[in-house]
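Note sheet for the following structure.
All ligand and atom numbering here is 1-based and tracks the order in the structure. Keep in mind that what you see is a predicted model, and the values were worked out from it rather than measured.
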Amino acid sequence: MKNDIKNVLLTEEEIRLKVKELGQKISNDYKGKSLLLICLLKGSAIFLADLCRAIDLPIRLEFMQVSSYGNGTENTKNITIKQDISQIPADSNIVIVEDILDTGRTLYYIRKYLMLKNPASLEICTLLDKPSRRLVSVDAKYVGFEVPDEFVVGYGLDFAEKYRNLPYIGVLRPEVYENN
Ligand code: PRP
């Protein structure tokens, strides 16, 4: 697996410190409030596991999964909900936990969908942000790192379901995805 990585973009230590910082910010912002973290599977599972333990507040956890269909280009990407949450308790302050904000289509769709459930508030926490790829405007209150337009894997992020368990975030060698 490691031989497929061109270079390490974010080390385990850099990620650990950033997750701690995000957890502290969220803990300060939601003190005394009812906080619901919604994890978008699968990529965000690792981030969620670390982030929730960096939050020093009582929280609830829910999980959603979306599917993207289309001909492979972002402009035609259609999003459908594969796994939904049952119910949102009244007065929930939602933070959507995402691994990467890329074109913005997924979070734009999910945000709109969850807003229909009338939460007390709704914010987005994304570990990575690739602003150069944005096609739809999405406002994320909590952002870990801005990353360049490169194929990143690890710490939850995959290529063809592989590399999610790398403890760091690395750039995939182009020959790996070009040959697939
Ligand atoms: C990835 C990522 C985000 C989405 C971002 O999910 O986890 O959910 O794409 O892309 P966008 O901003 O262009 O919509 P993916 O569909 O690869 O599923 P996964 O989390 O199961 O890997």
Counting each atom of ligand 1 from 1 as listed, which ones have a heavy atom of [X] under 4.0 Å away?
X      : value
Asp99  : 2 (C), 3 (C), 7 (O)
Gly43  : 19 (P), 20 (O), 21 (O)
Thr103 : 11 (P), 12 (O), 13 (O), 14 (O)
Glu98  : 3 (C), 7 (O), 8 (O)
Lys42  : 19 (P), 20 (O), 21 (O)
Ile100 : 2 (C), 3 (C), 5 (C)
Leu41  : 20 (O), 21 (O)

Structural part of [X] in contact with ligand 1, heavy atom criterion under 4.0 angstrom:
X      : value
Arg133 : neither
Arg164 : side chain
Thr106 : both

Glu161 heavy atom under 4.0 Å from ligand 1
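Checking ligand 1 against Glu161, which is what was asked, there is no heavy-atom contact under 4.0 Å.
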Contact with ligand 1 for Leu40, non-hydrogen, under 4.0 angstrom
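Not so, Leu40 does not reach ligand 1.
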How about [atom1] on [X], more than 12 heavy atoms from neighbouring residues, nucleotides or ligands closer than 6.0 Å, or not?
X      : atom1 : value
Tyr108 : OH    : no
Gln87  : CD    : no
Asn165 : CG    : yes
Lys20  : NZ    : no

Using a strict threshold of under 4.0 Å (side-chain N to carboxylate O), is an ion pair present between Lys162 and Asp4?
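Looking at Lys162 together with Asp4, the answer is yes, because their closest N to O distance falls below 4.0 Å.
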Phe159 to Val153 - nearest heavy-atom pair and separation:
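Taking Phe159 first and Val153 second, the nearest heavy atoms are N-CG1, 3.9 Å.
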Counting only nitrogen or oxygen atoms and a 3.5 angstrom limit, does [X] reach ligand 1?
X      : answer
Ser44  : no
Leu101 : no
Gln65  : no

Treating Ser44 as the side-chain partner and Leu40 as the backbone partner, does any N or O pair qualify as donor plus acceptor under 3.5 Å?
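Flag set: sc Ser44 to bb Leu40 pair under 3.5 Å.
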Would you please test Lys130 and Glu150 for salt bridge (Lys or Arg N to Asp or Glu O under 4.0 Å) and show each step?
CA-CA 9 Å; Lys130 252 190 206 178; Glu150 293 191 281; over 6 Å; no
Distance-only polar pair, side chains of Asp50 and Tyr155, donor-acceptor under 3.5 Å
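Checked: Asp50/Tyr155 side chains pair up, N/O donor to acceptor below 3.5 Å.
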Side chains of Ser121 and Asn93: donor-acceptor distance under 3.5 Å anywhere?
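Indeed, the side chains of Ser121 and Asn93 share at least one donor-acceptor pair under 3.5 Å.
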